[in-house]
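Right, one structure below, let's go through it.
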Amino acid sequence: MTTPAPFEPVPEDVRALGDAVADWIGRHFDALGELPVVPDTTPEETFGRFTEPVPEHGMEWTAILERFERDVVPLSFHLPSPRYFGLMNPTPLPIAVLAEALAAALNQNLGAWHHSPAGTAIEATVVRWLCDLAGYPVTSFGSLTSGGSLANTTGLKIALAAKVPESTTRGLHGLAARPVFYASLEAHFSIEKSANILGLGGGEGLRKVPVDRTSRMDVAALRRMIADDRARGLNPFCVVGIAGVTSNGVIDPLEALADVAAESGLWYHVDAAYAAGALMSDALRPRLKGIERADSITMDPHKWWFMPYPCGAVLTKDGEAGRRAFTTGAVYIPQTDDAIEFRDHGMVGSRPFSALKLWMAVKLVGRQGYARMAEEQVALTERFVAELTKDGDWEAVTPVDTAIAAVRYTGRTGGQTDRLTDADLDAVQDRIVERVLESRRHWISATTTVGKRAIRVMVISYLTRWEHLEELIVALRRAAALP
Ligand SMILES: Cc1ncc(COP(=O)(O)O)c(C=O)c1O
């Protein structure tokens with residue numbers, strides 16, 4: 001095999017490279033079930049393996065692919081494994097993986113319709129699909145983002161621009177009243193980060209609202225905080241509800257929060273980064289009742305819609321709200337009347353064609369296919385909790401609203417934990433997780449929710465079957481039984 005001249009692509013060479021890559025991807029998906037989830041490596045070894053000077057001369061692509069297989073694959077964390085019960089990182093759909101290559105080949109710039117006519121239309125279509133799933137009106141709109149974090153920051157920026165319009169030109173300096181917003185104590189860290197990025201103050205601009213025993217926002221406490229803050233001369237402008245708390249998948253009382261936002265004149269943003277996936281299902285959709293009343297919504301197709309990274313989305317009920325927050329009038333980009341200019345709806349200028357993979361995947365799977373998968377994953381999670389807790393030594397810390405379980409070992413039946421304090425029992429959860437991880441075969445994590453240490457198990461791979469969870473239950477029980 002000769003090395004293709006890098007700047008003179010010839011179809012046969014591209015095909016040979018593509019075939020080799022597609023062949024590896026196919027074999028990889030086939031092997032996922034047996035690969036250890038966690039690589040056996042250290043930072044020193046990994047960085048050492050890839051510390052190298054700028055190559056002076058090019059090399060054969062076959063050698064580069066060999067290096068990928070030899071060094072990159074074994075030192076990768078296999079998130080797409082069916083035994084990865086982890087942090088909302090899905091097994092990507094093969095069609096979406098390969099769509100990335102097609103999008104890269106077209107290399108459209110989705111910042112301007114002129115540079116991506118079909119791409120812009122496809123992004124508009126997938127945004128429309130997401131708006132429809134949310135129950136939004138035809139006047140709603142949005143854009144794809146790099147993920148839930150940027151979607152949250154974008155949504156909050158739009159909220160600020162809508163409720164404190166002078167902030168877009170004058171900034172926050174000299175405002176008569178300091179803008180503050182509300183999210184529960186269980187909100188994802190990107191909410192606090194957004195408060196920091198937007199100059200609101202991660203510490204003081206974001207007001208953290210207590211939660212009830214199920215980890216849902218305490219609505220009465222929210223009402224009290226808004227009233228107190230107004231009495232102190234602050235300017236409450238937004239409340240954030242969560243559909244799918246990161247620690248436990250629980251959904252805030254979205255309808256009640258919509259009522260509070262409406263009666264208090266606040267913008268209502270729902271962070272449905274994860275649980276938006278449930279909107280595909282007629283059976284699960286009622287769990288998110290009230291989301292249609294949000295002014296803006298974060299959704300992350302790279303979570304429950306099985307997209308490879310990056311693929312997030314932010315939607316606004318008022319389809320012009322994004323443009324009001326972001327338009328600057330860039331003079332050097334061709335402007336087309338009657339077209340959509342996605343750069344005006346968000347923070348990014350040059351934008352990737354992420355819509356292609358989502359468009360292709362939703363066409364391939366269909367709403368009903370996604371619905372079946374989401375329902376299956378929720379059912380697996382419910383069955384896991386029922387099986388693990390049935391003998392009384394384990395408890396569910398929070399309810400199962402989606403496909404995340406937060407469980408805790410209590411050891412009550414045999415009196416093993418009688419003399420342990422709550423703090424001791426918290427440490428036990430961490431120890432159990434550490435022991436389960438030792439095998440590198442499964443991946444689970446520990447978290448703190450409703451003030452307790454809990455073990456977090458999420459069904460996020462479409463390859464996960466009951467047998468994988470049964471194996472995990474055995475591993476959890478064994479880890480808990482060790483002295
Ligand atoms: C509720 C919630 N919102 C936002 C995010 C951030 O998403 P991303 O990692 O895509 O930025 C996450 C990530 O897990 C999340 O759980």
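As a basis for the values below, the full set of heavy atoms in this structure was taken, side chains included, without hydrogen atoms, waters or symmetry mates. Both counts, for ligands and for their atoms, begin at 1 and track the order of listing.
Near D300, with a cut-off below 4.0 Å to any heavy atom, the atoms of ligand 1 are 7 (O), 8 (P), 10 (O). The atoms of ligand 1 that sit less than 4.0 Å from any heavy atom of N152 are 3 (N), 4 (C). Taking every non-hydrogen atom of A273 and a distance limit under 4.0 Å, the qualifying atoms of ligand 1 come out as 2 (C), 3 (N), 4 (C). For ligand 1, the atoms sitting less than 4.0 Å from at least one non-hydrogen atom of H302 are 10 (O), numbered in the order shown with element in parentheses.
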Margin query: Show, in sequence, the C-alpha distance, side-chain angles and deciding distance for V407 and V397, and conclude whether the side-chain contact (heavy atoms from CB on, under 4.5 Å) test is met.
Written below: CA-CA 5 Å; V407 292; V397 178; 5.7 Å; no

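With a 6.0 Å radius and a threshold of 12 heavy atoms from other residues, nucleotides or ligands, F47 has its CZ atom at or below the threshold. The number of heavy-atom neighbours closer than 6.0 Å to CZ of R213, taken from other residues, nucleotides and ligands shown, is 12 or below.
For the residue pair T447 and S247, a side-chain donor N or O sits within less than 3.5 Å of a side-chain acceptor on the partner.
In this structure, S350 contributes its side chain and N109 its backbone to no donor-acceptor pair below 3.5 Å.
Summary of contacts: the protein heavy atom closest to atom 8 (P) of ligand 1 is G148 N, 3.4 Å. Protein heavy atom closest to atom 9 (O) of ligand 1, with residue, atom name and distance, is K303 NZ, 3.8 Å.
Contact annotation: G244 has at least one heavy atom less than 4.0 Å from an atom of ligand 1.
Checked against a 3.5 angstrom limit, the closest N/O atoms of S146 and ligand 1 fall outside it.
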